[in-house]
Amino acid sequence: MKYIHNTTDFMGAEAVSAPLRSALNEYPLDVQRRSPHEKIASRLGAAEETPPRVRSEASRSPYEKIASRLGAAVTLGKFDGLHRGHQKLLNEIQKLQAEGYYGIVFAISPDDRTALLTSGEKRHMLEEQGMDCVIRCPFVPEILGMKPEEFISDVLIRQLNAKVIVVGTDFRFGYQRRGDVDFLKKMQQKYGYTLRVIEEERHDHRKVSSTWIREALSGADMGLVHDLLGFYFPVEGTVLHGRHLGHQIGIPTINIRPEPYKLLPPPGVYYSDVVIYGRSVVAAPADDVSSDADRRILHGVTNIGYKPTVDGTFLGVETWLYGIEEDLYSCNVRIQLRQFRRPEQKFTSVEELKTQMERDIKSGKEYFGVR
């Protein structure tokens, strides 16, 4: 999978005072699912003799792409974690895309708090699900102060050409959160869009929510986190050079440094799956480009913590991988935490640390069924 950020971000006052059109044009990116023949047929058709010259999909602005379809299908929410409740909204957008709409995820989220998923992780996951465009909108006065009808008319209709709006039952928006599902229903006929309201997702008779996931994560209950998210909790990053202690003691690991605002489970050792994208640029030819064929998934044992035995100074994520000896420096990886094994601890010596790591690796083999 190529890490192409098919994302439109707009920040601060630009969200309202500057035309959203120019913001979108600044980032003309979008997922391409259709073949060139399908794209030509959907727009101009095929000439009898010489096909007309058609601009590539990537060269067109999002507004041109929206206009070439039935309009935009927009889902709105915080989307913190992209949990199973959010997945129901995204599934609805996917159905609408299949009908010919341009799928937009409008994520309203603050920037001054910890996040279950970083912006990059969220973009990658939404891209993998085939969304056409992601708009990240922070909580700013220009948005918070908008009257509900103004938000509908100026942002959703005039600027995004929304023909279908998809929200959850508890969605609220606009000044003092006065806009809700009932108001969106009331405005349908006036502004010519269709509203689809998706019922909340429940697990063990409780509503699936980011708050519940944070509670489970703080207790290292990775099984419950998985059940609520619908996938293993991810931590993405680029493989960095560390102290090379693992190489020195014969247990080489890969190291990534998570974003400062990335919410993590308690320090400790976890069984994990590791998705590796591409090859190290050190080992690969200069013109090498990672592709879907370069996407690999391996099992591993991951330590999250400060490495107290060797006086670590920052929170890092370090993983031993089964069945690989390749140089992975500079590779993009996604660590998917499956199960908590033990808390992080300080050992009296590096030899004692090595002995414990060997125990963890042996235990991981039993967990994964690795020989």
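Small disclaimer: the values here were computed from a predicted structure and weren't measured.
Gly316 and Pro258 get closest at one heavy-atom pair: CA-CD, 4.4 Å. The two atoms that bring Ser210 and His86 nearest to each other are OG-CE1, 4.3 Å, heavy atoms only. The two residues Val275 and Ile297 have their closest heavy-atom pair at CG2-CG1, 3.9 Å. For Leu89 against Gly168, the heavy-atom pair with the smallest separation is CD2-N, 3.8 Å. Between Asp80 and Leu116, the shortest heavy-atom distance links the atoms OD1-N, 3.2 Å. Heavy atoms only, all atoms of each residue included: Gly179 and Pro148 are closest at N-CG, 3.4 Å.
In this structure, Trp320 and Tyr322 have perpendicular ring planes: the angle between them is above 60°, well past the 30° mark.
Residue Tyr175 is not grouped with residue Met146 when hydrophobic side chains (ILVMFWY) are merged at heavy-atom distances under 4.5 angstrom, including chains of intermediate members. Cluster annotation: Val333 and Phe231 are assigned to the same hydrophobic cluster (Ile/Leu/Val/Met/Phe/Trp/Tyr, side-chain heavy-atom contacts under 4.5 Å, transitive). Note on Val155: it clusters hydrophobically with Leu195, by side-chain heavy-atom contacts below 4.5 Å among ILVMFWY residues.
Between the side chains of Ser363 and Arg341, at least one donor N or O sits under 3.5 Å from an acceptor N or O. Side chains of Gln356 and Asp360: a donor-acceptor N/O pair is present below 3.5 angstrom, by distance only. For the residue pair Thr253 and Glu318, a side-chain donor N or O sits within less than 3.5 Å of a side-chain acceptor on the partner. In this model, a donor atom of one side chain and an acceptor atom of the other lie less than 3.5 Å apart for Asp154 and Gln159.
Lys122 places a side-chain N or O within donor-acceptor distance of the main-chain N or O of Phe79, the cut-off being under 3.5 Å. A donor-acceptor pair under 3.5 Å links the side-chain atoms of Arg172 to the main chain of Arg177, judged by distance alone. A donor-acceptor pair is defined here as one N or O able to donate and one able to accept, closer than 3.5 Å; no such pair exists between the side chain of Asn161 and the backbone of Lys163. Panel note: side chain Tyr191, backbone Ala162; no donor-acceptor pair is recorded below 3.5 Å. Remark: side-chain polar atoms of Asn91 are paired, donor with acceptor, to backbone N or O of Gln87 under 3.5 angstrom. Side-chain atoms of Glu352 come within 3.5 Å of backbone atoms of Thr348 as a donor-acceptor pair (strictly under, hydrogens ignored). A donor-acceptor contact shorter than 3.5 Å links the side chain of Gln94 to the backbone of Gln129.
Here Glu200 contributes atom CD and Lys88 contributes atom NZ; the two are 8.0 Å apart, rounded to the nearest 0.5 Å. Considering OG of Ser349 and CZ of Phe347, their distance stands at 9.5 Å, rounded to 0.5 Å. Rounding to the nearest 0.5 Å gives a distance of 10.0 Å between OH of Tyr270 and OG1 of Thr302. Here the OH-CG distance, from Tyr277 to Leu328, works out to 14.0 Å after rounding to the nearest 0.5 Å. To the nearest 0.5 Å, the span separating CZ on Phe368 from CG on Leu298 amounts to 10.5 Å. The CD atom of Gln97 sits 12.0 Å away from the CG atom of Leu70 when rounded to the nearest 0.5 Å.
We find that Glu121 and Arg334 are not joined by a salt bridge, their nearest charged nitrogen and carboxylate oxygen being 4.0 Å or further apart. Between Lys190 and Glu149 there is a salt bridge, with a side-chain nitrogen of the basic residue lying less than 4.0 Å from a carboxylate oxygen of the acidic one. No salt bridge links Lys65 with Asp132; every basic N to acidic carboxylate O contact stays at or beyond 4.0 Å. In summary, Glu326 and Arg296 engage in a salt bridge, as defined by a charged side-chain N under 4.0 Å from a carboxylate O.
Cation-pi geometry between Lys365 and Tyr271 is not satisfied (NZ or CZ under 6.0 Å from the ring centre, within 45° of the ring normal).
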Working for side chain to side chain contact (heavy atoms under 4.5 Å, CB included), residues Leu117 and Lys262: CA-CA 7 Å; Leu117 297 180; Lys262 168 71 175 182; 4.2 Å; yes

Chi angles and distances behind the side chain to side chain contact (heavy atoms under 4.5 Å, CB included) call for Ile276, Leu321: CA-CA 11 Å; Ile276 303 170; Leu321 294 172; 4.3 Å; yes

Side chain to side chain contact (heavy atoms under 4.5 Å, CB included) between Val301 and Val269, intermediate numbers included: CA-CA 7 Å; Val301 178; Val269 175; 3.4 Å; yes

Arg214 and Ser209: CA distance, side-chain angles, deciding distance, side chain to side chain donor-acceptor pair (under 3.5 Å) verdict: CA-CA 9 Å; Arg214 288 167 178 265; Ser209 68; over 6 Å; no

Verdict with supporting geometry, Glu215 and Arg206, salt bridge (charged side-chain N to carboxylate O under 4.0 Å, His left out): CA-CA 13 Å; Glu215 292 172 3; Arg206 179 178 173 180; 3.3 Å; yes

Verdict with supporting geometry, Arg196 and Ile165, side chain to side chain contact (heavy atoms under 4.5 Å, CB included): CA-CA 6 Å; Arg196 297 193 183 182; Ile165 296 174; over 6 Å; no

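Considering only heavy atoms from C-beta on, Ile104 stays 4.5 Å or farther from Thr75 through its side chain. In this structure, the side chains of Thr169 and Glu199 come closer than 4.5 Å at one or more pairs of heavy atoms. Side-chain contact between Asn255 and Val317 is absent, with no heavy atoms from C-beta onward closer than 4.5 Å. Side-chain atoms of Leu263 and Leu217, non-hydrogen and from C-beta on, do get closer than 4.5 Å to each other. Side-chain contact between Val164 and Glu92: absent, with no pair of heavy atoms (C-beta onward) separated by less than 4.5 Å. His203 places a side-chain heavy atom less than 4.5 Å from the side chain of Trp212. When side chains are defined from C-beta on, Leu90 does not count as touching Val166, because their heavy atoms never get closer than 4.5 Å. Counting heavy atoms from C-beta on, the side chains of Val274 and Gln336 never come closer than 4.5 Å.
Taking the six-membered ring for Trp and the full ring otherwise, the centers of Phe106 and Phe173 sit at least 6.0 Å from each other.
For the side-chain contact (heavy atoms from CB on, under 4.5 Å) with His83, the lone residue among Leu228, Val208, Val225, Asp227 that qualifies is Val208. Of the listed residues (Leu156, Asp182, Ile152), just one forms a side-chain contact (heavy atoms from CB on, under 4.5 Å) with Met187, and that residue is Ile152.
By the 6.0 Å contact criterion, NZ on Lys95 is open, its count of non-hydrogen atoms from other residues, nucleotides or ligands being 12 or less. Within 6.0 Å of the CD atom in Gln176, the count of heavy atoms belonging to other residues, nucleotides or ligands exceeds 12.
Residues meeting the ring pair (Phe, Tyr, Trp, His ring centres under 6.0 Å) test with Tyr232, sequence neighbours left out: His226. In this structure, Glu259 has no salt bridge (Lys or Arg N to Asp or Glu O under 4.0 Å) partners at least two apart in sequence or on a different chain.
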